Trainee: 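Quick one: structure below, then a few questions.
What you see is a predicted model; the values in this text were computed from it and never measured. So you know, we letter chains A, B, ... as the sequences are listed, proteins then strands, and number each from 1.
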2 protein chains.
Amino acid sequence: MADERTDDCLAPEELDTYIVLTEAVSLLQYAVEEQLRAAGGLSLVQFQILMRLAFADGPLTMTDLADGLVYSRSGLTYQAGLLEKAGLITRTPCPDDERVVHAAITDAGRARIDRVLPGHLEVVRRLFLTPLDASDLRTLRAIMTRVRDHMRARPPRSAAAARRRTAAKAARPGRDAGGP
Amino acid sequence: MADERTDDCLAPEELDTYIVLTEAVSLLQYAVEEQLRAAGGLSLVQFQILMRLAFADGPLTMTDLADGLVYSRSGLTYQAGLLEKAGLITRTPCPDDERVVHAAITDAGRARIDRVLPGHLEVVRRLFLTPLDASDLRTLRAIMTRVRDHMRARPPRSAAAARRRTAAKAARPGRDAGGP
DNA sequence: TATTGTTATACTCTATAACTATA
DNA sequence: TATAGTTATAGAGTATAACAATA
């Protein structure tokens, strides 16, 4: 049952690997989200935005953030609005290009991260790192870096949406296929 | 900057591995969701429910499904309702225990999977498997299996929610900390 | 009393499309 | 004309709590 329909199935090792990888990451992500919410009232996306801004050299544009997080720009506007209202980030127009908005983390934002990060790392350590040794980590990082770079080689999310929209105008085959 | 505050930071290899792992899986999941929606009008959760039922020996209870998918039971009821309305699954009371509901996949459900799965596997192959060889796969599977089993060793999601509720009644310190 | 599952509800999130403004 | 970002809107998804029925 492994090699009959080469196009319609994966080898068992391939499928198993895919399934266990996504399952484990889902479990980890679920636990992480719970901790972030309880410890700092942050969703995972909000935390990721803050972290990106905290570790960036300077301010980032909205598009940079959206692409980095695989996020739609309108979704990011929404989340950035929440974070700004909470005083954790600022948004200021860029002087060089008036279309661009620079997002930057505030002191309160850094304080929030300081409050949340230890528990966050504790969860990561307890659930994810505990069963791994240094060699596992090195290997895992090497493999997943290759996978990520391979995927990042395709166009980023926000541009892809625009291109899809454009392409749809040219040839319109009626995309999807009704209800769930 | 690696070893000063052992409690508040991870070693760089640890952090890098964690970040690249979650980033790659996010990218993959995003692409997969797009494909499932376009090819079969299914969300990822709906697809996962169908797949579990398709590969199960017989019907599964709602709780089994919820725990397997790291999902709240009410959320599962909602999704199962959609799938049932679409004729892709059935829900029938279990004769042995009248509280229990058995969910099973229908022929239409299997047909939907047949329609969606090839494209799904194509995405997985193109984005995830392409840059990996057999040895990578074996290693990755071994590592992630260990991680998953470690995480699964803790109580499943639906039970955890109940326990948390109970514990909250005993000592009530006012959990979270306001706004985002 | 504990467990299975559903419902009612309220809310968060996300995407699409239309829009503004700058380049 | 193309790009950056926002807004308006509408829909999907999720969790919580209350509930019913069974064990």
Trainee: Rounded to whole angstrom units, what separation is found between the CD atom of A/Glu34 and the C1' atom of D/dA15?
Mentor: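 The distance from CD of A/Glu34 to C1' of D/dA15 comes to 12 Å, rounded to the nearest Å.
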Trainee: Kindly indicate whether the side chain of B/Tyr18, heavy atoms from C-beta on, has any atom under 4.5 Å from the side chain of A/Val32.
Mentor: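 Yes - at least one pair of side-chain heavy atoms lies under 4.5 Å apart.
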Trainee: Do A/Ile105 and A/Ile113 make a side-chain contact, defined as non-hydrogen atoms from C-beta onward lying under 4.5 Å apart?
Mentor: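 SC-SC contact between A/Ile105 and A/Ile113 confirmed.
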Trainee: Return the CZ to CE distance between B/Arg99 and B/Met62, rounded to the nearest 0.5 Å.
Mentor: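 Rounded to the nearest 0.5 Å, the CZ-CE separation comes to 15.0 Å.
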Trainee: Does any part of the side chain of A/Leu137, heavy atoms only, come nearer than 4.5 Å to the side chain of A/Arg141, both counted from C-beta?
Mentor: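 Result no, sub-4.5 Å side-chain heavy-atom pair not found.
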Trainee: How about A/Met51 and A/Leu117: do any of their side-chain heavy atoms sit closer than 4.5 Å?
Mentor: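 A/Met51 vs A/Leu117: side chains touch.
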Trainee: Take the protein atom CE of A/Met62 and the nucleotide atom C1' of D/dT7, then report the distance between them rounded to whole Å.
Mentor: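 Those two atoms, CE and C1', are 13 Å apart.
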Trainee: B/His120 versus B/Gln35: any side-chain heavy-atom pair under 4.5 Å?
Mentor: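 Yes, their side chains come closer than 4.5 Å.
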Trainee: Any N/O pairs under 3.5 Å between the protein and nucleotides 7-13 of chain C? List them or say none.
Mentor:
| from | atom 1 | to | atom 2 | distance (Å) |
| --- | --- | --- | --- | --- |
| C/dC13 | OP1 | A/Arg37 | NH2 | 3.4 |

Trainee: Within this structure, what is the CG-to-C1' distance between B/Leu44 and D/dA12, rounded to whole angstrom?
Mentor: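 After rounding, the reported distance stands at 14 Å.
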Trainee: Using a 4.5 Å cut-off on heavy atoms from C-beta on, say whether the side chain of A/Phe128 contacts that of A/Leu140.
Mentor: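 Yes; the side chains approach each other to less than 4.5 Å.
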Trainee: What verdict does the side chain to side chain contact (heavy atoms under 4.5 Å, CB included) test give for B/Gln29 and A/Val25, after you've listed the backbone C-alpha separation in whole Å, the side-chain angles of each residue and the deciding distance to 0.1 Å?
Mentor: CA-CA 11 Å; B/Gln29 206 168 65; A/Val25 172; over 6 Å; no
Trainee: Residues from residues 94-105 of chain A sitting under 4.0 Å of DNA chain C, heavy atoms only?
Mentor: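 Heavy-atom cutoff 4.0 Å gives A/Asp96, A/Asp97, A/Glu98, A/Arg99.
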